[in-house]
Participant: 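Structure provided below as structure tokens; questions to follow.
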Amino acid sequence: MATFAAPKGIPEYYPPTSAAFIAVRDTLLRACALAGYGYIELPVFEETALYARGVGESTDVVTKEMYTFADRGDRSVTLRPEGTAGVVRSVIEHGLDRGQLPVKLCYAGPFFRYEQPQAGRYRQLQQVGIEAIGVDDPALDAEVIAVADAGYRAVGLTGYRLELTSLGDENCRPAYRALLQEFLRKLPLDDATRQRAELNPLRVLDDKRPEVRALLADVPLMVDHLCAECREHFDRVKGYLTELGVKFAENPRMVRGLDYYTRTTFEFVHDGLGAQSGIGGGGRYDRLMAELGGEPRSGIGFGLGVDRVLLSLQAEGTSIGDTASCDVYLVPLGDAAKARLVVVAGALRSAGVRVDLAYGGKGLKGMMRGADRSGARCTVVLGERDLADGTAQLKDMVTGEQRTVPLADLVSAVEHAVGDGSA
RNA sequence: GUGGGUGUAGCUCAGUCGGUAGAGCACUGGGUUGUGGUCCCAGGUGUCGCGGGUUCAAUUCCCGUCACUCACCCCA
């Protein structure tokens, strides 16, 4: 009998670890909500041209990493490789930028890139992201970065750092690009790198090979060739971050893989992860709205990798999320007791208490073991003797203390026990 | 797409210098016929990734292949 396996490179989260996944995703989303970002749920696939034009024709993401296929109507569609293009498309399509600006949106979900999987790099990756469109105030750049930082701290991460730079804009980048190319052409580079220098020269700055790094010792840097406007914008972003207490380091050689970035660009890095050390990143994309056919509005946002945050937490030895499957575990001895506890379970669930019940024909010891494994704070044991007395046994699983409560008061007694942590 | 590593029980792995295999964890029951966590006892499962070669005999050696994994590239 042939068996099935999940597609290559796709992580799955099931209990008990799914609790941490949910907790990280929701905590990051909470950080976004705290700053006024409204949730947007987007299609998981879009017209291929949206990404080709939005992300950039020359990027690796577009040229070799997209899940592209023809639908039954022979339209070319692509599983979303990132979130920003879809958000911007939706903003334009629904005129979300006609109201008060900036439009502030956040999202969460799976993204897809056809890459060779390795530690921390998956073909289906989970991101939480935000986009703020329509205002180019440097205070907004600082806010976006601070929201990411707050999110990481809220999930309990400590060992990460923030790298920051400015990529300039359409006024100063073309001149710098030409300057950089001129510099690179004089270097003894291999063919592949030479080709990259012509196509996307900024990408060469990111080369990790020591011999290439050595050649680049005196390479001209964008931050030294920013126009006055970009210079001031960048300085003010840094000023706001300092006032916010968000620590950062300038990395003038930072390169992002998506073409739409302008001006402020940042990346959060965690050193406990191995080769794939970026746990989140983003930046400003002041030309994307116009590029995709909308009003020429600025924008800035980030994408945070939920999978990599989970790996980072693991590397730090930190845990997050409640792995207990219920608050109360009900243990019936006999059919009459079970009939009664099934009803109690329903009543408790209506009251918002997480309840599980021992099913199957296990002995008391086995059912109590089930109670222990469930992580429940307390257990209700109901047998024939209790039933005859009109009572039940309520046991605190931490202290081991057990007391008798009238069946009539059971629901409120359990609510109380679960609420204040003592039976 | 290119390299290295690894494929043995549900999981983590040991092992067989060639004679068809074990431990821990997990699970179930019992010790305790109405009480979990610690302890003790008992219980089961494997086409040893797949295909071929050498051999009396291959899970072991050889070749191929697939999968997983780490890394390059790139990114979350």
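On a predicted model such as this, the values are computed, not experimentally measured, just so you know. Chain A is the first sequence line, chain B the second, and so forth, proteins listed ahead of strands; every chain is numbered from 1.
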Participant: Could you pick out which residue, A/K8 or A/I279, lies toward the 5' side of RNA chain B when each is mapped onto its nearest nucleotide?
Facilitator: A/K8
Participant: Please state the C1' separation for the pair B/C27 and B/G44 - nearest whole angstrom.
Facilitator: 10 Å
Participant: Please determine whether any donor N or O and acceptor N or O are separated by less than 3.5 Å between the side chain of A/R385 and the base of B/G34.
Facilitator: yes
Participant: Considering only heavy atoms and no angle criterion, is a donor-acceptor pair shorter than 3.5 Å present between the side chain of A/R121 and the base of B/C70?
Facilitator: no
Participant: Heavy atoms under 4.0 Å, any strand shown: does A/G129 hit a base, just sugar-phosphate, or nothing?
Facilitator: nothing
Participant: Nearest to the side chain of A/K365, which nucleotide is it out of B/C73, B/G30, B/C74?
Facilitator: B/G30
Participant: Pick base, sugar-phosphate or nothing for A/F111, based on heavy-atom distances below 4.0 Å to the nucleic acid.
Facilitator: nothing
Participant: I'd like the P distance from B/U54 over to B/C62, given in whole Å.
Facilitator: 16 Å
Participant: Hey, does A/A371 reach any base, or is it just sugar-phosphate, or nothing, if we go heavy atoms under 4.0 Å?
Facilitator: nothing
Participant: Using the C1' atom on both, measure B/U12 against B/U6 and round to a whole Å.
Facilitator: 14 Å
Participant: Specify the separation, in whole Å, of atom CZ of A/R256 and atom C1' of B/A76.
Facilitator: 8 Å
Participant: With heavy atoms under 4.0 Å as the rule, sort A/G383 into base, sugar-phosphate or nothing.
Facilitator: base
Participant: Have a look at A/R284 and tell me which of A/T262, A/D141, A/T265, A/D169 forms a side-chain hydrogen bond (donor to acceptor under 3.5 Å, both in side chains) with it.
Facilitator: A/D141
Participant: Just to be sure I understand the rule, does A/R196 reach a base, reach only the sugar-phosphate, or reach nothing, if contact means heavy atoms closer than 4.0 Å?
Facilitator: sugar-phosphate
Participant: Looking for any heavy atom pair under 4.0 Å, which part of the strands does A/G370 touch: base, sugar-phosphate only, or nothing?
Facilitator: nothing
Participant: For the C1' atoms, the ones on B/G51 and on B/G7, what distance do you get once it is rounded to whole angstrom?
Facilitator: 15 Å
Participant: Contact class for A/Q393 (heavy atom, under 4.0 Å): base, sugar-phosphate, or nothing?
Facilitator: base
Participant: Quick one: label A/Q126 by what it contacts on the DNA or RNA (base, sugar-phosphate, nothing), any heavy atom closer than 4.0 Å.
Facilitator: nothing
Participant: Using the P atom on both, measure B/C41 against B/A21 and round to a whole Å.
Facilitator: 25 Å
Participant: Using the P atom in both, what is the distance from B/U59 to B/G49, to the nearest Å?
Facilitator: 9 Å
